[in-house]
Amino acid sequence: QSIVFVAGQVAYDGSGGVAHPGDFKAQAREVLRALVAQVEAAGGTRESVVKINTYLTDIRYRADLAAIRSEVFGARPPASTLVQVCALAPPDWLIEVEAIAVL
């Protein structure tokens, strides 16, 4: 078995800037899509993700996040921790996710 750690995944656009400024749902989908892509690049699948830590700039995004997480991970999502932070760098990021996957 191998363990893959994905740290600090945020919503980047094609030039390395902030994707979807001000649009939480679009950022969340992009972050989780990129996270799964990184795990797949290492030889795993979305089911390989066993733990995620999510940082939100506004806890009111929680309900939207839960629905999007279900879209990505299905009815049995990985264990997770959710934390509200005062800001991410740069401030237009609304969500950051880190993950642990077991391959």
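Bear in mind that the values here come from a model prediction, so they are computed numbers and not experimental data.
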With rounding to the nearest 0.5 angstrom, report the [atom1] to [atom2] distance, [X] to [Y].
{"X": "I68", "Y": "R33", "atom1": "CD1", "atom2": "CZ", "result": "14.0 Å"}
{"X": "L65", "Y": "S70", "atom1": "CG", "atom2": "OG", "result": "9.0 Å"}
{"X": "F24", "Y": "W93", "atom1": "CZ", "atom2": "CH2", "result": "15.0 Å"}
{"X": "E40", "Y": "T45", "atom1": "CD", "atom2": "OG1", "result": "7.5 Å"}
{"X": "Q84", "Y": "Y61", "atom1": "CD", "atom2": "OH", "result": "10.0 Å"}

Please find the pair of heavy atoms, one from A42 and one from L103, that lie closest to each other, and give the distance.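 Distance-wise, the nearest heavy atoms are O-CD1, 3.3 Å.
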Looking at every non-hydrogen atom in both residues, tell me the closest pair between Q27 and H20 and how far apart they are.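 That would be NE2-O, 3.1 Å.
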Could you go through the side-chain contact (heavy atoms from CB on, under 4.5 Å) check for T54 and V83 one step at a time? CA-CA 6 Å; T54 305; V83 178; over 6 Å; no
Are the side chains of [X] and [Y] in touch, meaning some heavy atoms are under 4.5 Å apart?
{"X": "I59", "Y": "L82", "value": "yes"}
{"X": "Y55", "Y": "E98", "value": "yes"}
{"X": "V10", "Y": "I95", "value": "no"}
{"X": "L56", "Y": "L94", "value": "no"}
{"X": "T81", "Y": "K51", "value": "yes"}

R76 and E47 ion-paired at < 4.0 Å: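 Result for this pair is no, no salt bridge flagged.
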In a check of side-chain contact (heavy atoms from CB on, under 4.5 Å) between I100 and each of V50, N53, V6, which one passes?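 One option only clears the test, and that one is V50.
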Grouping I, L, V, M, F, W and Y whenever their side-chain heavy atoms are under 4.5 Å apart, do V18 and V31 come out in a common cluster?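 In one cluster: no.
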If hydrophobic clusters are built from ILVMFWY residues whose side chains come within less than 4.5 Å, do V49 and F5 share one?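 No, V49 does not connect to F5 through the hydrophobic network.
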Please tell me whether Q38 and Q9 have a donor and an acceptor in their side chains that are separated by less than 3.5 angstrom.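 Per modelled atom types, Q38 and Q9 side chains form a pair under 3.5 Å.
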Would S80 and R69 count as having a side-chain donor-acceptor pair, cut-off 3.5 Å?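 Yes, a side-chain donor-acceptor pair sits under 3.5 Å.
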